[in-house]
Amino acid sequence: MRYSLLKILAEGLKGNTGWTPVWRNPEPREAYDVVIVGAGGHGLATAYYLAKEFGITNVAVLEKGWLGSGNIGRNTTIIRSNYLLPGNEPFYEFSMKLWEGLEQDFNYNAMVSQRGIINLYHNDGQQAAYLRRANAMRMAGADAVMLSQDEVRRLCPFLDFDNARFPIKGGLMQPRGGTVRHDAVAWGYARGADERGVDIIQNCEVTGFQIEDGVCRGVETSRGKISAKKVAVCVAGSSSRVMSLAGMRLPIESHVLQAFVSEGLKPTIPGVVTFGAGHFYVSQSDKGGLVFGGDLDGYNSYAQRGGLPVVEDVCEGGMAVMPMIGRARLLRGWGGIMDMSMDGSPFIDRTSIDGLYFNGGWCYGGFKATPASGFTYAHLIARDEPHPVAAAYRLDRFQRGAMIDEKGMGAQPNLH
Amino acid sequence: MIINHPLLGPRDSAEFTYLGDASLIERPDWQAEDAADQFHDYLYLRDNPAGEHRELWFHEQGDRSWLVVTRNTLTHEITKVELARDVARSLGRSR
């Protein structure tokens, strides 16, 4: 069913009796061409692009819980392509271009809102680093604007410009950055994939892989064996757990990242603002709540909840950059589990086992990457060669000394 | 989280910094034939278990000792705290 204004008007006259479920709830079949493990944003996007761009529709997406129950449902919804390194920036810019055409492409309202993202700087060294980043962004075809203090003041008059310790000197802005309604991304991709014949099988946990002579021939699940020519794992947050079933150890640690929402306020923040002197970022949702977050808790965790020291640290960052946030009450907070990789960058690659593919290590940048991750993963699965913009995301890059370390922190996942 | 320091008693985990899996104590032999591969695995690959995890914590805001903490990554419950020095010596390290 195609959604349109005409359809809404017609259904309004008929008392909304003509709407049908957005996706089916099929029983798993015995065999598929491709089985995708994990019906989160990336897994559903992979299925969608496999069907739409690469013509592979005999696909199942297996999900332990309900679709979109992982990090696609618990993030801060920011999209941006303001990376520095050549292994990253073209990929994220490809993602941004897919975001820009996404709603028309999958005929679903994902509320893509390009309100801009501003990274504040507080000293000369940071300004120079941001100028370098802005140039790297422009060279990859993205947009970047260096803002003076006056320009930032016009956009965000509520910031603490004359803070004695971290005065705001200006900012790097990406006007095309913004936010997207995160659940709708999962739902839109699920609907698009389902329409093209992909089976999305919920409440179906993968409990093992059928590996014979170094070739993966399918998966064992809580609902029986399913054979497949290709198995594509896409379970960021639980990657180590799932890949250990295939006997693989990954360059990944799982960490908890918290995020917070305030009570609903009238429109105050024009886009996304990030603090340059501490780790704090904030935007405002369409419901009016301020959505913000900061650092990881910093220790391995699968608990989907963090501790109070980070709540305090994030709120201190908020108070330092925009003191008015102290007048808003914190409504809720949550924790999600991140695949923190050893260099802060993701993996989209084949594995040493034929027919087994891996996508993960998204650290806390997975949401913005959803369309490009799905597209390039589908490309890898369909053609058995990496998409040019994702060619650097290989599992063996540490062996080759080809890390993509945006923050320059080394092999210390909790610092990326 | 409260870490029960073997020398100082219960301390807030915010006084500590976190390094990672305690297997980092077991540094490979740099003279081995396959030292490059061993160091790749040592530096970059992790078991990353969901459940009991032995990990290194540094008491930065305290006595600056390294601890091996056994903690459950699903519940954050801490069941054992040892001095990393004692663990390393029990593995045959001289210092």
Side-chain angles (χ1 to χ4, degrees), chain A residues 235-245 247-256 295-313 335 337-343 345 347 360-361 395-403 405 409-416, chain B residues 1-5 10-28 34-62 66-81 84:
Chain A
V235 293
S238 298
S239 292
S240 298
R241 275 209 267 188
V242 172
M243 295 311 278
S244 73
L245 299 173
M248 282 181 67
R249 289 173 83 217
L250 300 174
I252 286 172
E253 287 180 5
S254 293
H255 284 260
V256 60
D295 269 327
L296 296 169
D297 276 53
Y299 44 80
N300 286 39
S301 175
Y302 285 94
Q304 288 195 322
R305 63 181 164 78
L308 291 172
V310 168
V311 182
E312 188 179 8
D313 183 66
I337 302 305
M338 311 292 122
D339 264 13
M340 295 305 297
S341 68
M342 287 290 161
D343 58 359
S345 296
F347 305 98
L395 274 166
D396 67 350
R397 64 175 180 257
F398 301 103
Q399 231 144 10
R400 292 181 288 113
M403 304 68 161
D405 194 345
M409 287 297 184
Q412 189 61 42
N414 60 348
L415 298 181
H416 286 293
Chain B
M1 286 191 305
I2 301 292
I3 295 176
N4 200 3
H5 192 298
R11 308 299 309 178
D12 191 324
S13 65
E15 293 175 3
F16 294 77
T17 56
Y18 179 84
L19 185 69
D21 197 309
S23 64
L24 289 169
I25 291 175
E26 296 161 68
R27 189 186 296 270
D34 58 346
D37 287 339
Q38 283 193 41
F39 268 97
H40 166 264
D41 295 359
Y42 167 82
L43 256 177
Y44 297 112
L45 301 187
R46 297 286 183 271
D47 286 336
N48 192 22
E52 199 169 86
H53 188 226
R54 293 183 82 218
E55 53 203 21
L56 284 162
W57 291 74
F58 177 55
H59 200 191
E60 189 173 36
Q61 309 291 326
W66 282 96
L67 304 182
V68 173
V69 176
T70 306
R71 191 178 57 93
N72 190 314
T73 57
L74 288 163
T75 62
H76 298 171
E77 187 197 2
I78 292 170
T79 48
K80 193 173 178 186
V81 184

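To find a chain, count down the sequence lines: A is the first, B the second, and so on, and within it residues start at 1.
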Side chain / backbone / both / neither for [X] at chain B, heavy atoms under 4.5 Å:
X        : result
A:Ser254 : both
A:Arg249 : both
A:Met340 : neither
A:Ile252 : both

Could you walk me through whether A:Ser240 and B:Arg46 pass the side-chain contact (heavy atoms from CB on, under 4.5 Å) test, one step at a time?
CA-CA 8 Å; A:Ser240 298; B:Arg46 297 286 183 271; over 6 Å; no
Testing the basics here: between A:Tyr302 and B:Pro49, what is the closest heavy-atom pair and its distance to 0.1 Å?
CE1-O, 3.1 Å
Drop me the distance from A:Gln412's CD to B:Leu43's CG, to the nearest 0.5 angstrom.
10.5 Å
With rounding to the nearest 0.5 Å, note down the distance linking CG in B:Asp47 to CD in A:Glu253.
10.5 Å
Tell me, out of A:Ser341, A:Gly410, A:Gly298, A:Pro413, who's got the most heavy-atom pairs with chain B below 4.5 Å.
A:Gly298
B:Tyr18 and A:Tyr299 aromatic ring geometry - parallel, tilted or perpendicular at 30°/60° bounds:
perpendicular
Might you work through the side-chain contact (heavy atoms from CB on, under 4.5 Å) test for A:Met342 and B:Leu45, ending with a clear yes or no?
CA-CA 8 Å; A:Met342 287 290 161; B:Leu45 301 187; over 6 Å; no
Answer yes or no: is there a donor N or O on one side and an acceptor on the other, between the side chain of B:Arg71 and the main chain of A:Asn300, under 3.5 Å?
yes
Does the A:Arg305 side chain pair with the main chain of B:Thr75, one donor and one acceptor, at a distance under 3.5 Å?
yes
More than 12 non-hydrogen atoms from neighbouring residues, nucleotides or ligands closer than 6.0 Å to CD1 on B:Ile2, yes or no?
yes
Below 4.5 Å, heavy-atom pairs only: which of B:Thr17, B:Asp12, B:Asn48 has the largest tally toward chain A?
B:Asn48
